[in-house]
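All values reported here derive from a predicted model rather than from experimental measurement. In what follows, every chain begins at residue 1, and chains take the letters A, B, ... in the order their sequences are listed.
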Number of protein chains: 2
Amino acid sequence: MARGSAGRSALSRHLRVLGAFGPLTGDLTLSEIAAAAALPLSTAHRLVAELAEEGLLEPVGDRRYRPGLRLWELATRTPGAAGLRELARPWMGVVHARLRQHIQLGVLSGHDVLFIERLSAPDAVVNATLIGARIALPLSSSGLVLLAHAPEALLDEVAAGHWSRPTARAIADARELRARVADARRDGYAVLDGAIHEASRGIAVPVIDSTGRVHAALGAVVPIDETPVRPAIELLTVAAAGIARSLEATAGGAAARPGRPLRPLLATSRATLAYFEELGVDTVLELRAHDD
Amino acid sequence: MARGSAGRSALSRHLRVLGAFGPLTGDLTLSEIAAAAALPLSTAHRLVAELAEEGLLEPVGDRRYRPGLRLWELATRTPGAAGLRELARPWMGVVHARLRQHIQLGVLSGHDVLFIERLSAPDAVVNATLIGARIALPLSSSGLVLLAHAPEALLDEVAAGHWSRPTARAIADARELRARVADARRDGYAVLDGAIHEASRGIAVPVIDSTGRVHAALGAVVPIDETPVRPAIELLTVAAAGIARSLEATAGGAAARPGRPLRPLLATSRATLAYFEELGVDTVLELRAHDD
DNA sequence: GCGATCCTTCCATTCAACGGAAGGTCGGGT
DNA sequence: ACCCGACCTTCCGTTGAATGGAAGGATCGC
């Protein structure tokens with residue numbers, strides 16, 4: 001590198017540039033990117049050009065950029081996100097059809113829940129969740145569930161840290177957080193009222209496989225005191241078990257085969273399944289139709 | 001850099017590593033990655049460690065890696081893929097409900113169609129398409145449609161190049177390709193029989209906005225001579241127009257506002273819409289429920 | 001026409017990336 | 001118990017790719 005050279009690896013600066021695009025960010029100009037990424041303009045200029053060259057950014061009009069196709073294409077190979085999402089959707093659909101409220105799936109990422117999928121309804125309550133966005137663990141019922149099943153060290157870290165409190169009912173301190181997490185651990189679910197918005201109640205259960213590993217939290221956001229909680233928990237629990245089974249069918253199925261494990265295919269027709277087997281693709285599982 | 005140093009920018013080597021994971025690839029070990037990316041082992045070792053550090057790869061078990069959450073999270077901000085997909089799904093659902101065959105959405109990427117979304121049915125015909133995978137332009141009806149509306153230079157390039165011919169009915173040469181593309185340009189749709197598999201017929205129409213820009217191709221894969229073609233084309237055309245309108249409502253709507261354009265939100269409840277407006281998020285459009 | 005804003009190019013400096021080689025670790029075969 | 005082969009990890013001297021300040025353009029608004 002050169003000059004005082006600041007940062008860490010080259011990779012981290014490329015990511016700083018991509019990180020300039022947040023969940024609510026629109027197309028950005030070069031200087032907006034430079035500012036958001038805290039990079040010198042000439043450096044940003046070069047990085048943006050490289051990223052655009054590789055298709056990770058794409059030019060829009062003649063002065064703006066947005067994240068590009070290649071990024072999405074690569075992300076498609078993310079079993080922990082894209083894969084889990086695809087596999088969970090049918091189960092989420094079942095819950096959604098009954099509850100007609102927000103149904104969402106979140107995974108643990110750092111000190112946040114990263115939301116991977118959400119089904120909504122026009123008349124559902126307020127819900128700050130966006131697909132691809134994060135909520136601090138203590139602010140969400142999904143977060144409590146994930147925390148309940150994470151290594152103790154994570155709870156210690158989070159409890160020691162700070163979190164915003166959008167409403168007065170949000171969990172206030174480490175003591176309360178630990179109590180709520182203990183509840184979630186004991187009950188196998190979490191209910192959290194008005195933590196982000198006064199009117200909303202979160203209900204979440206873990207997606208937990210037969211080895212005890214927790215892959216995600218499946219949650220609903222419902223109006224407080226309108227939707228009966230008990231039946232919702234039961235619906236969510238059944239769906240979470242279904243998701244866990246689907247996960248094991250793919251991951252386990254693929255890993256169990258000798259030879260190179262291939263990503264199992266989902267959601268395709270029987271005829272297509274036969275086609276891929278003919279092509280010599282080792283592991284192809286048909287789970288269920290994508291959309292039914 | 002150092003030593004003979006081979007390649008291009010640092011970015012390109014990181015991408016070579018990520019590129020080792022294909023649409024059908026499972027979790028890979030370090031040496032598999034090194035081999036697939038054609039990188040020296042020690043280099044691959046360092047790159048993989050960096051990528052894992054940043055969450056672009058995640059360790060699985062104790063010797064394998066897979067693409068990580070952060071990659072998916074960043075890809076979430078891709079209006080041309082993730083955004084288009086979300087926005088198109090309701091329209092695709094309408095077509096799917098009628099045809100009960102594969103319905104798919106593809107965008108132009110290099111000399112391929114990159115498929116972004118697909119709805120299937122258990123009894124649908126053979127279909128090689130995978131979400132996140134590519135098909136060469138001349139092999140797919142969606143490809144013909146995209147080629148028909150792309151700059152002439154692209155057609156020249158593709159026609160001059162080579163493509164595989166999985167079946168005897170696949171387009172054979174540049175002459176035939178140009179003729180089929182001309183048809184697609186004239187008709188506003190493309191029908192292609194048995195190009196990838198003997199039993200399957202592709203039907204595709206462009207998603208074309210009011211400025212004439214083509215954003216994607218919307219297609220169906222149906223059994224040859226079973227599904228009436230004309231009504232399918234009409235269904236697809238209506239849906240494509242719907243997608244185009246949704247696109248303009250978001251992109252146009254956001255871009256038209258003064259101040260920083262924000263990514264419009266989709267698929268949320270009315271109450272949530274109000275919530276975001278209150279928070280000062282400039283541009284929030286509610287289009288329709290995510291799942292209905 | 002003039003200033004402000006944003007983008008592009010240039011280039012001397014220098015340190016982060018490179019990768020061959022050597023040393024571990026692990027497991028399976030005998 | 002021992003060896004062997006397959007992987008993975010660490011070390012480190014070399015060097016050219018990345019860096020970013022500065023200067024020069026392009027464009028827009030007033």
J.: Side chains of A:Asp27 and A:Phe21: closer than 4.5 Å at any heavy-atom pair?
T.: no
J.: Which nucleotide sits closest to the side chain of B:Ser9: C:dA17, C:dG20, D:dA18?
T.: D:dA18
J.: Roughly, in whole Å, what's the span from CG in B:Leu28 to P in D:dC7?
T.: 13 Å
J.: Measuring from the side chain of B:Leu41 (C-beta onward, heavy atoms only), which nucleotide among C:dC6, D:dT19, D:dT9 has the closest atom?
T.: D:dT9
J.: Can any side-chain N or O of B:Arg134 pair as donor or acceptor with the backbone N or O of B:Asp112 at less than 3.5 Å?
T.: no
J.: Hey, which sits more toward the 5' end of DNA chain D by its nearest nucleotide, B:Leu30 or A:Leu39?
T.: B:Leu30
J.: Checking the side chain of A:Arg77 only, and the main-chain atoms of B:Gly132 only, is there a donor and an acceptor separated by less than 3.5 Å?
T.: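 Yes, because the side chain of A:Arg77 sits within donor-acceptor range (under 3.5 Å) of the backbone of B:Gly132.
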J.: Estimate the overall bend of the helix from C:dG1-D:dC30 to C:dT30-D:dA1 from the end axes over five pairs each, rounded to 10 degrees.
T.: 40°
J.: So, does B:Thr43 get its side chain near the phosphate of C:dG19, meaning an N or O under 4.0 Å from OP1 or OP2?
T.: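 For C:dG19, OP1/OP2 do have a side-chain N/O of B:Thr43 under 4.0 Å.
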J.: Treating B:Arg85 as the side-chain partner and B:Ile116 as the backbone partner, does any N or O pair qualify as donor plus acceptor under 3.5 Å?
T.: yes
J.: Closer than 3.5 angstrom, by distance alone: can the side chain of A:Arg63 be matched with the main-chain N or O of A:Thr29 as a donor-acceptor pair?
T.: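 No, A:Arg63 side chain to A:Thr29 backbone: no donor-acceptor pair under 3.5 Å.
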J.: Regarding B:Glu248 and B:Ser210, do their side chains bring together a donor and an acceptor under 3.5 Å, going by distance alone?
T.: yes
J.: Rounding to a whole Å, what distance do you find between A:Leu11:CG and C:dC18:P?
T.: 11 Å
J.: Among A:Val181, A:Val158, A:Leu144, whose side-chain contact (heavy atoms from CB on, under 4.5 Å) with A:Pro138 holds?
T.: A:Val158
J.: Could you verify whether a donor N or O on one side chain and an acceptor N or O on the other, from B:Arg13 and B:Thr43, lie under 3.5 Å apart?
T.: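 The answer is no; no qualifying pair exists.
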J.: Under a 4.0 Å heavy-atom cut-off, which of residues 53-61 of chain B touch DNA chain D?
T.: none
J.: What's the closest nucleotide to the B:Arg13 side chain, out of C:dT8, D:dC8, C:dC18?
T.: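 Ranking C:dT8, D:dC8, C:dC18 by closest atom to the B:Arg13 side chain puts C:dC18 first.
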J.: Within this structure, what is the CZ-to-P distance between B:Arg16 and C:dG19, rounded to whole angstrom?
T.: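 Distance, rounded to whole Å: 9 Å.
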J.: Rounded to the nearest 0.5 Å, how far does CZ of B:Arg185 lie from CG of B:Leu155?
T.: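 Going from CG on B:Leu155 over to CZ on B:Arg185, the span is 6.5 Å.
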J.: Donor-acceptor pair, A:Arg66 side chain versus A:Val60 backbone, under 3.5 Å?
T.: no
J.: Can you tell me the distance, in whole Å, between the NE2 atom of B:His14 and the P atom of D:dA18?
T.: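 Rounding to the nearest Å, NE2 of B:His14 and P of D:dA18 are 11 Å apart.
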J.: Would you say the side-chain atoms of B:Arg16 pair up with the backbone N or O of B:Leu39, donor to acceptor, closer than 3.5 Å?
T.: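 Checked: no pair found.
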J.: Counting N and O atoms only, with roles assigned by atom type, does the side chain of B:Ser9 sit under 3.5 Å from a partner on the main chain of B:Ser12, one being a donor and the other an acceptor?
T.: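 Confirmed, B:Ser9 side chain pairs with B:Ser12 backbone.
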J.: Between the protein and nucleotides 22-27 of chain C, which nitrogen or oxygen pairs are less than 3.5 angstrom apart?
T.:
none

J.: Rounding to an integer number of Å, can you tell me how far B:Tyr65 OH sits from D:dC7 P?
T.: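 B:Tyr65 atom OH is separated from D:dC7 atom P by 15 Å.
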J.: Expressed as a whole number of angstroms, how long is the span from A:Asp27:CG to C:dC6:P?
T.: 17 Å
J.: Just compare D:dG21, C:dG20, D:dT9 and give me whichever is closest to any side-chain atom of B:His45.
T.: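 Nucleotide nearest to B:His45's side chain: D:dT9.
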J.: Start at the 5' end of DNA chain D and walk down; is the nucleotide closest to A:Arg46 or to B:Arg46 reached first?
T.: B:Arg46
